[in-house]
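Since we're looking at a predicted model, the values are computed, not measured.
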Amino acid sequence: MPVIRHRPAAFCGRGLLALSFFSCSSHAAESAQLPGVVVTATRSAQSLSNTLSDVRVIDADTIRDAGMSTLTELLRVHGGVEITSNGGPGQVSGVFIRGANANHVVLLIDGVRINSATAGLNAWENIPLAQIERIEIVRGAASSLYGADAIGGVVQIFTHAGSRSQARIGVGSWRTREASAGFGREFGATKIAVQAGYSESDAFSATNEGNAFSFNADTDPYRNKNLAASVEHEWRSGHSVVGRVLRSDGTTSFDCGAGNDDVNRQTLATYSLESRDRFRTEWLSTLRIARGTDDSVSSGGTCAGRYRTDQDQLTWQNDINALGGQLVAGSELRREQIRSDTAYIQDSRRTAAAFAGYSASLDAHLMQAALRLNHDSQFGAHTTGNLAYGYRVAPPWRISAGVGSAFKAPSFNDLYYPLSFGFSGNPNLKPERSRMAEVSANFDAGSTQGGLVFFDNRTRDLIVIDPTFSTVINVDQARVRGATLNAAVAQASWSGRAEFTLQDATDQQTGNRLARRARQHGSASVSVRPGPWRAGLEWAAQGERFDVASNSASSRMAGYALFNLNAAYAISPELSVLARLNNAGDRHYELAQGYNTPGRNAFVALEYAAR
């Protein structure tokens, strides 16, 4: 089944990736650069050893070593997620966290939402690694802090904000070329940072003969230009103003039928201005106004069209040290505005929210709670919450349990897509609702860490394509139960990590397994640092899956295991050469039927980083 973000044809218009259950703050960003600190789990800086959320952090060194890999490939190896993709670089991609839908993940860039309100999806394929300093992944229901869509979890990306100069040039397979450069400076009370990048690849054909509707044997090249900048000025002790901008322009050739020259030009952009004010030692207030834009224009044959989403966001957050812990309280206003050459009955909606959270570590006891009231101009009020408790059995050991709720509002395609080729949206849809429970045991002895978490997530009123393939409907329930085992070791000369997830992701109405979700998946990596050398091995694997909801034998996709190699040599303290070999075994595998995946490919780069 094709998986497409925006297409005017009937099934394409829905954005089937979003239905793959069955079918086709500035101060926080700075704190997140500190080792062992995470901010996304509670919206405020918190020690990783104290957080009760299931969190993964991908640091700057790991991102640097990723080479020409895509963001989703990086998340598969180091974020413990499953992925899907409609081909090579720049093609529509998706992320599944804990077996939830691809549209059940909130994506934030420096605290700003950026996604398509028409398809309801995140454009992972056009977020360049060159702009990313750090990634935090929170797994499990998180609507109590982040509102709609956070049924599977939250991924927050932090862009470069350091004071170092850096540059990189690289070449790789498929005539891949990459260049990026950035610098950061401090001028008294003012800090500035700028990062620019360019990448280009001739790639390979996105589709193969298994795609009866879209196959075209030509190559599908991709290029991306990106720029980010930030300015921070402390106008008074404890009071500062921060401005940020990020823009990524991607041009992707894709397949929408033989003989067509189909091209998608997509611009992702975030703009934010915030005031950070420490009114008292124990009280920090942050007021942010921001816009996130996803603007996609496709040209060619039947897949031509424009879909633009602007999300205007106003957030006021207060971090207060109180009651023996940290209290987070605030409010948010968000307006989603769409512009398209497709005629929608409605083209905007507004959300108003108030939220509060509390976290504390009191001797051997750890607590975490949050509550949020969301009011949607289309669907009214929704209250979500989460509650977790942990107990330190012994200095390195902790056990914990938690519950939470989440919801997702239907996308504009779900609701209002006009009749096309016998398919249309359904304005009578209800929001999806979920409840999650988890228990875990964790071990943290500093250089050695590990954990085991059991989770159970039930989602009601799921939005799926109806049996006649003429519209979308709400159905009863899906349930994802599973367990994840992980371990990590960090020594002076080497480090390693591994995790494995066993899950049962099922449509409770039909008994079928959810599309493109495996019963098991896992990843591992090891890195050694002998002298000026650094070398690493990565492994990622996924069990068999079905491409469609019916679980037909013809839709079965076999399991796979991939190995990647990377190495670097420090020519000087500031200059290094890096090399990477992805899919070293040249394994053939599928992430979506009818779409190609990359075979063995190599990348070499020269990198400069001021010390």
Side-chain angles (χ1 to χ4, degrees), residues 1 3 10-24 94 96-106 115-121 141-143 147-153 336 338 344-346 349 351 374-384 404-420 422-436 456-481 505-517 546 548-551:
M1 174 186 293
V3 180
F11 305 116
C12 302
R14 170 63 187 89
L16 299 186
L17 180 58
L19 289 179
S20 50
F21 246 132
F22 297 99
S23 65
C24 69
F96 306 129
I97 298 180
R98 284 192 177 177
N101 267 6
N103 61 356
H104 288 168
V105 179
V106 168
N115 69 291
S116 166
T118 50
L121 296 171
S143 285
D149 308 339
I151 291 177
E336 297 171 90
I338 65 171
Y344 291 88
I345 297 174
Q346 293 192 31
R349 65 182 170 201
T351 301
N374 250 59
H375 189 278
D376 187 293
S377 61
Q378 292 176 317
F379 299 102
H382 287 81
T383 301
T384 53
S405 60
F407 79 102
K408 175 176 176 54
S411 71
F412 282 83
N413 281 1
D414 292 334
L415 294 164
Y416 309 122
Y417 197 82
L419 182 65
S420 178
F423 184 91
S424 65
N426 179 359
N428 298 315
L429 289 173
K430 297 182 292 185
E432 299 170 317
R433 300 166 295 142
S434 79
R435 295 189 181 276
M436 176 272 297
D456 188 344
N457 192 10
R458 301 169 187 252
T459 304
R460 296 184 178 275
D461 292 326
L462 290 164
I463 299 171
V464 303
I465 294 178
D466 81 330
T468 67
F469 283 81
S470 62
T471 189
V472 286
I473 59 174
N474 291 108
V475 300
D476 184 28
Q477 175 176 284
R479 186 178 185 184
V480 183
R481 293 173 289 178
T506 307
D507 173 356
Q508 298 289 282
Q509 190 174 47
T510 66
N512 292 336
R513 290 164 55 185
L514 305 185
R516 299 182 183 172
R517 260 56 60 92
F546 293 96
V548 296
S550 64
N551 288 189

> Any side-chain heavy-atom pair from I463 and N474 closer than 4.5 angstrom?
Replying inline: yes
>> Can you tell me how far apart CZ (R513) and CZ (F546) are? Round to the nearest 0.5 Å.
In response: 5.5 Å
> Quick one: does T471's side chain get under 4.5 Å of Y417's, heavy atoms only?
Replying inline: no
> Can you name the closest pair of heavy atoms from V472 and F423 and give their distance?
Replying inline: CG1-CZ, 4.1 Å
>> Please give me the minimum heavy-atom distance between P431 and P410, naming the atom from each residue.
In response: CA-CD, 3.9 Å
> Do R349 and L415 have side-chain heavy atoms sitting under 4.5 Å apart?
Replying inline: yes
> Out of curiosity, H375 NE2 to H382 NE2, how far, rounded to the nearest 0.5 Å?
Replying inline: 10.0 Å
>> Quick check: do N374 and F407 have side-chain heavy atoms less than 4.5 Å from each other?
In response: yes
> Say you draw a straight line from CG of N103 to CG of L121; how long is it, rounded to the nearest 0.5 Å?
Replying inline: 6.0 Å
> Taking atom CD of Q378 and atom OG1 of T351, what is their separation to the nearest 0.5 Å?
Replying inline: 8.5 Å
>> What's the separation between atom CG in L429 and atom OH in Y416, rounded to the nearest 0.5 Å?
In response: 9.5 Å
> Could you state the interatomic distance from CZ (R435) to OG1 (T459), rounded to the nearest 0.5 Å?
Replying inline: 11.5 Å
>> Run the side chain to side chain donor-acceptor pair (under 3.5 Å) test against D149 and tell me which residues pass, sequence neighbours left out.
In response: R113, K408
>> So, using salt bridge (Lys or Arg N to Asp or Glu O under 4.0 Å) as the criterion, who are the partners of D376 when residues are at least two apart?
In response: none
> What are the two closest non-hydrogen atoms of L462 and H104, and how far apart are they?
Replying inline: CD2-CE1, 4.4 Å
> What pairs with D456 under salt bridge (Lys or Arg N to Asp or Glu O under 4.0 Å), at least two apart in sequence or on another chain?
Replying inline: R479
> Can you tell if the side chain of V105 reaches within under 4.5 Å of the side chain of F96, non-hydrogen atoms only?
Replying inline: no
>> So, using side chain to side chain contact (heavy atoms under 4.5 Å, CB included) as the criterion, who are the partners of A406 when residues are at least two apart?
In response: A141, S143, I151, S434
>> Please tell me whether T468 and D466 have a donor and an acceptor in their side chains that are separated by less than 3.5 angstrom.
In response: yes
> Backbone N or O of D414 within a donor-acceptor pair of the S411 side chain at under 3.5 Å?
Replying inline: yes
> Under 3.5 Å, side chain of N551 to main-chain N/O of N512, donor-acceptor pair present?
Replying inline: no
>> Taking side chain to side chain contact (heavy atoms under 4.5 Å, CB included) as the definition, give me every residue that meets it alongside A117, ordered by chain and number, with sequence neighbours left out.
In response: T309, E336, I338, F412
>> I need the minimum non-hydrogen distance between L514 and V480, along with the two atoms involved.
In response: CD1-CG2, 4.1 Å
>> Suppose we screen for side chain to side chain donor-acceptor pair (under 3.5 Å). Which residues come up paired with R433, at least two apart in sequence or across chains?
In response: D461
